[in-house]
J.: 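My questions will all concern the structure given below.
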Amino acid sequence: MSKKHNNIDQGKREWAVEARGLVKMFGNHRAVDGVDLNVRAGSIYGVLGPNGAGKTTTIRMLATLLRADGGSAKIFGHDVVKESQIVRQLIGVTGQYASVDESLSATENLVIFSRLLGLGRAESKRKAEELLEEFGLTEAAKRPLKNFSGGMRRRLDLAASLIAQPPLIFLDEPTTGLDPRTRAQMWETIRRLVNTGSTVLLTTQYLEEADQLADRIAVIDRGRVVAEGTVDELKASVGTSSLHLSVQEAGDMAEARKIVEQVLQVQSSISSEAGKITAPMANADLVTDLLIALRGQGIGLSEMSVQKPTLDEVFLTITGHGVTDAEQTTAHKSKQSEEA
Amino acid sequence: MKTTSIKPGFGRQLKNSTSLGQTIRNSLTMAYRGLLKIKRTPEQLFDVTLQPIIFTLMFTYIFGGAISGDVQSYLPVIIPGILVQTVITTSIVTGVQLREDMDKGVFDRFKSLPIARIAPLAGALLADTVRYTIATTLTFSMGYVMGYRPEGGLGYVALAALLVIFCSWSMSWIFAFFGVIARTASSVQGISMLVLFPLTFLSNAFVPVDTMPNWLQWFVDMNPISHLVSAVRDLTNTGSAGWDLTISLIGALVIVAIFAPITVRAYMRRT
């Protein structure tokens with residue numbers, strides 16, 4: 001009994017975010033269906049899932065932008081509904097769509113947000129200059145945002161979230177739609193942020209991003225958390241890499257798939273449009289056995305590669321169904337072509 | 001990035017409420033934002049610059065002879081009337097622009113900031129008083145050019161201008177409410193015109209009331225716009241303040257007292 005009490009007490013000072021059974025309904029659709037999240041202060045926490053999984057809705061509820069239909073959430077021990085104004089003093093939110101003022105310049109945006117946060121006139125100007133410098137936007141400071149690139153807009157958006165130096169920052173898909181170089185810059189910025197003592201809760205569609213940044217990950221699908229753990233734990237469940245095979249004769253597909261599953265002892269999947277067999281692979285050594293077995297059956301291969309696991313495979317392994325969202329498939333494809 | 005560490009989230013002394021001082025400061029900052037936006041897109045001032053000029057010219061020369069015998073003696077009647085009509089019509093734009101503004105991502109940030117909830121709305125409405133001031137100044141100037149010399153003198157004309165600007169600001173809360181609840185900007189325009197058109201024309205703004213049928217006179221006398229027009233005429237033409245001024249001010253305050261809270265509520269509900 002006393003031990004349990006102790007735990008609760010400790011928990012109070014440990015968790016930046018505690019969400020219990022969050023529910024949000026849009027009409028009859030349960031966009032978020034009982035989400036639990038625990039984010040340790042000072043860590044980067046990744047929420048991974050396809051479009052429409054409920055990531056943004058969850059973040060909006062935690063950031064006091066949306067009222068939950070069920071469940072509760074606390075930010076540093078403060079209830080998001082009852083103490084919303086306190087919560088707002090502890091968070092910074094960078095939305096999926098840049099939440100900055102299009103018709104104003106970068107400096108004007110930052111000055112207005114600084115003034116709203118209670119900084120004086122001179123102090124706001126200084127803060128704006130400082131942040132623009134940090135985010136490499138000084139040259140563009142006076143230009144209207146209409147001419148900003150996607151990456152510049154995101155950086156300005158993040159800069160705006162950092163004015164008050166909030167201990168918790170929500171980043172909703174911070175790198176979706178950015179080119180690889182800008183994405184790497186963004187990652188660097190996020191890492192430095194955590195070094196100063198912030199907690200970051202980010203959502204992403206890319207396993208690689210979660211892998212690069214997050215200490216812990218929650219995989220979310222159809223409004224539910226379907227897996228939670230450290231990056232290593234999650235990867236172990238998927239296999240460290242994945243095997244992609246395509247056969248010469250379309251008629252051999254079923255047979256080849258059977259052999260793959262037998263030899264690797266995993267579940268495989270077929271992407272129909274490409275006629276490709278995909279399977280998670282924990283042990284690279286097994287590939288030799290697989291190739292021998294395929295040759296033994298006289299199945300000719302047209303292509304074979306070993307790749308890092310993609311979100312599709314994580315999903316297949318965890319949920320038993322692939323990512324169905326059309327947008328997600330294209331995002332995934334463009335990512336693969338980037339890697340190539 | 002600065003290496004200064006961030007104060008931890010625990011153990012901060014924070015208040016869950018916003019003080020009146022902060023509310024005013026936040027609203028003024030939001031008003032500053034509104035002014036910057038006007039500066040960046042000066043073309044949105046077309047309506048407040050052209051409408052007073054065209055309407056004043058048109059109405060005076062069309063109705064002047066028929067109603068008051070000649071244009072000169074119609075001016076003291078029409079200028080206050082057209083002033084109220086023009087400036088109040090201008091306040092519709094507030095609702096339309098608010099709707100357009102709220103569809104942008106920046107309102108998400110305003111909602112997530114620890115600022116007074118009313119500030120983004122109050123600020124936008126406050127910035128729009130600039131538009132009313134422009135419309136008011138131009139209407140009086142047009143009147144002056146056409147030969148209008150208000151008996152009340154410059155001081156009372158200024159008071160009348162302030163009264164009209166204040167009442168339009170109050171009315172703009174109604175249109176702000178439409179702006180918050182409506183789905184598109186054009187529907188805001190539609191609803192607002194539907195409300196305002198009968199209100200401004202079924203008043204004493206353009207014609208003497210005694211030529212109207214009895215049942216209409218009853219409505220015109222009830223119409224708050226009539227009281228506002230009368231109050232402006234009293235101030236500009238005789239330099240006096242009467243019952244109409246009191247009713248106008250009370251009416252304006254009642255509108256704000258009703259519509260400001262429900263607008264903020266609707267704004268908070270909307271996601």
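Side chains included, hydrogens not; waters and symmetry mates left out as well; all remaining heavy atoms used. All figures in this text were calculated on a predicted structure; none of them were measured in a lab. In what follows, every chain begins at residue 1, and chains take the letters A, B, ... in the order their sequences are listed.
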J.: Side chain, backbone, both or neither: which part of A/Ala164 has an atom under 4.5 Å from a heavy atom of chain B?
T.: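 Contact with chain B is absent: no heavy atom of A/Ala164 under 4.5 Å.
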J.: Pick one of side chain, backbone, both or neither for B/Arg40, based on which atoms fall under 4.5 Å of a heavy atom in chain A.
T.: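 It is the side chain, since no backbone atom gets that close.
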J.: Can you tell which part of A/Ser161 gets under 4.5 Å to a heavy atom of chain B, answering side chain, backbone, both or neither?
T.: both
J.: Assess the residue pair A/Asp172 and A/Arg60 against the criterion (salt bridge (charged side-chain N to carboxylate O under 4.0 Å, His left out)); give the C-alpha distance rounded to whole Å, side-chain angles, the decisive distance to 0.1 Å, and a yes or no.
T.: CA-CA 9 Å; A/Asp172 194 10; A/Arg60 289 179 68 87; over 6 Å; no
J.: Between A/Phe113 and B/Arg109, is there a cation-pi geometry (under 6.0 Å to ring centre, at most 45° from the normal)?
T.: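 Judged by the rule, B/Arg109 and A/Phe113 form a cation-pi pair.
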J.: For A/Leu168, is it the side chain, the backbone, both or neither that has a heavy atom under 4.5 Å from a heavy atom of chain B?
T.: neither
J.: Side chain, backbone, both or neither: which part of B/Lys15 has a non-hydrogen atom closer than 4.5 Å to chain A?
T.: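 Backbone only.
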J.: Counting heavy-atom pairs under 4.5 Å to chain B, which of A/Ile91, A/Leu104, A/Val87, A/Val111 comes out on top?
T.: A/Leu104
J.: Here's a test for you: under side-chain contact (heavy atoms from CB on, under 4.5 Å), which of A/Thr203, A/Thr204, A/Val47 qualifies with A/Glu173?
T.: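 The passing option is A/Thr203.
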J.: For chain B, find which of A/His78, A/Lys82, A/Arg88 contributes the most heavy-atom pairs closer than 4.5 angstrom.
T.: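 Of the candidates given, the most pairs with chain B belong to A/Arg88.
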J.: Any donor and acceptor pair, going by atom type alone, linking the side chain of A/Glu83 with main-chain N or O of A/Asp79 inside 3.5 Å?
T.: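 The answer is yes, because a donor-acceptor pair under 3.5 Å joins these two groups.
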J.: So, B/Ser187 and B/Thr184: side-chain donor and acceptor under 3.5 Å apart, yes or no?
T.: yes
J.: Which answer fits B/Phe107, side chain, backbone, both or neither, if we ask what part of it has an atom under 4.5 Å from a heavy atom of chain A?
T.: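 B/Phe107 has no heavy atom closer than 4.5 Å to chain A.
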J.: Measure the OG1-CD1 distance between A/Thr175 and A/Ile190 for me, rounded to the nearest 0.5 Å.
T.: 7.0 Å
J.: Please work out whether the ring planes of B/Phe177 and B/Phe259 are parallel, tilted or perpendicular, with thresholds of 30° and 60°.
T.: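 Ring orientation, 0 to 90° scale: perpendicular.
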J.: Looking at chain B, which one of A/Thr94, A/Leu116, A/Ile75, A/Ile112 has the largest number of heavy-atom pairs inside 4.5 Å, strictly under?
T.: A/Leu116
J.: Please answer whether the main-chain N or O of B/Val106 pairs with a side-chain N or O of A/Ser99 as donor and acceptor at a distance below 3.5 Å.
T.: no
J.: Is chain B contacted by the side chain of A/Pro144, its backbone, both, or neither, given a heavy-atom distance below 4.5 Å?
T.: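 Answer is neither: A/Pro144 stays 4.5 Å or more from chain B.
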J.: Which bit of A/Thr64 comes within less than 4.5 Å of chain B, counting heavy atoms only: side chain, backbone, both or neither?
T.: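 For A/Thr64, side-chain heavy atoms alone lie under 4.5 Å from chain B.
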